[in-house]
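Only heavy atoms go into these numbers, but all of them, side chains included; no hydrogens, no water, no symmetry mates.
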Number of protein chains: 2
Amino acid sequence: MEQYPSPDMADVQLVTVLSALADPIRLDIVRALADGRPHPKTAEVWHFDVQKSTLSHHFRILREAGLTRTIVDGRSHAIQLRRAELDERFPGLIASLVDATA
Amino acid sequence: MEQYPSPDMADVQLVTVLSALADPIRLDIVRALADGRPHPKTAEVWHFDVQKSTLSHHFRILREAGLTRTIVDGRSHAIQLRRAELDERFPGLIASLVDATA
DNA sequence: CCGATCGTTCGACATCTGTCGAACTATGAG
DNA sequence: CTCATAGTTCGACAGATGTCGAACGATCGG
């Protein structure tokens, strides 16, 4: 299917990742996703005060930057941090985001 | 004098730091500054292909985000990463930037 | 003092970015 | 099949951002 493609981690640039993280909503998402497990994209689950189209936009930025992958199951989608790959490509980066008091 | 003020590190937001890092030139600067020592602002030293006014703009963003401090000595200015403070406020973050193969 | 140098500031401009609402797609329920 | 639901895509728009060049301010050398 390859419906929602993420880039190869080897091609992911640090500055692209940092740009993706440089937004309050996306940073919150990534920090919440740091457990490495899939989380539903459902807008109501995320308490953000934006429309679902905006949230969808943020999910896309994260995926295209290489931070996340999308798991499709019927009409429900989940998003998952590519934790292991990221830890290998950018050691310590995700950990430092999680540790930090925002 | 307080001529070029940097914010208190306690007031520095993670997302602000990430926004400052989310630019190719500024990321390069920070990585070069990671040794913690002062570096001259001299445009020729930095090989970037932008005008000095643009470089000055980037230095300002970095300082206002809390990443650097400016040291004035006569008419020559130096810029220094606030390494120790940053390491305490955001453990591992700077290190992960330096480690990474951009 | 005078002129040169280092760096900042300002206004202008094009581009990028976050946001919305409406339309669309695909899946699942009855 | 029909309708509802989950999420995406699209066009529009306002505001932020990176860049330049010109003008400015401050300092140093002669």
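- Between A:L62 atom CG and C:dG18 atom C1' there is a gap of 14 Å when expressed in whole angstrom units.
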Pick out the pairs of N or O atoms, protein on one side and nucleotides 4-10 of chain D on the other, that lie under 3.5 Å.
residue	atom	partner	partner atom	Å
D:dT5	O4'	A:R75	NH1	3.3
D:dT5	O2	A:R75	NH1	3.2
D:dA6	O4'	A:R75	O	3.4
D:dA6	O3'	A:R75	O	3.3
D:dG7	OP1	A:H77	N	3.3
D:dG7	OP1	A:H77	O	3.4
D:dG7	O3'	A:H77	ND1	3.2
D:dG7	N7	A:K52	NZ	2.7
D:dG7	O6	A:K52	NZ	3.3
D:dT8	OP1	A:K41	NZ	2.6
D:dT8	OP2	A:S56	OG	2.7
D:dT8	O5'	A:S56	OG	3.3
D:dT9	OP1	A:R60	NH2	3.4
D:dT9	OP2	A:R60	NH2	2.3

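- Environment of CG in A:D11: crowded, with over 12 heavy atoms of neighbouring residues, nucleotides or ligands closer than 6.0 Å.
- Atom CG of B:L21 and atom P of D:dG18 are 12 Å apart (whole Å).
- Between the CD atom of B:E64 and the P atom of D:dA16 there is a distance of 15 Å, rounded to whole Å.
- C:dG7 atom P lies 13 Å from atom CD1 of B:I71, rounded to whole Å.
- Connection of B:V98 to B:L21 is established within a shared hydrophobic cluster, with ILVMFWY side chains joined at heavy-atom distances below 4.5 Å, either directly or through further cluster members.
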key: Trace of the salt bridge (charged side-chain N to carboxylate O under 4.0 Å, His left out) decision for B:R89 with B:E85   = CA-CA 6 Å; B:R89 179 73 182 80; B:E85 292 169 89; over 6 Å; no
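- Looking only at distances, a side-chain donor or acceptor of A:R31 sits under 3.5 Å from a matching main-chain atom of A:L97.
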key: side-chain contact (heavy atoms from CB on, under 4.5 Å) between A:I71 and A:Q80, intermediate numbers included   = CA-CA 8 Å; A:I71 300 164; A:Q80 183 178 30; 3.5 Å; yes
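- The interatomic distance linking A:Q51 (CD) with C:dA23 (P) rounds to 15 Å, in whole Å.
- Between A:H58 and A:F48, the ring center distance fails the sub-6.0 Å criterion.
- If you check residues 22-38 of chain A against DNA chain D, you find no residue with a heavy atom closer than 4.0 Å.
- Remark: P of C:dG28 and CG of A:D73 are 7 Å apart, rounded to the nearest angstrom.
- The ring of B:F59 has its center no closer than 6.0 angstrom to the ring center of B:H77.
- The distance from atom CD1 of A:I61 to atom P of C:dC16 is 13 Å, rounded to the nearest whole Å.
- For the pair B:S6 (side chain) and B:T68 (backbone), a donor-acceptor distance under 3.5 Å is present.
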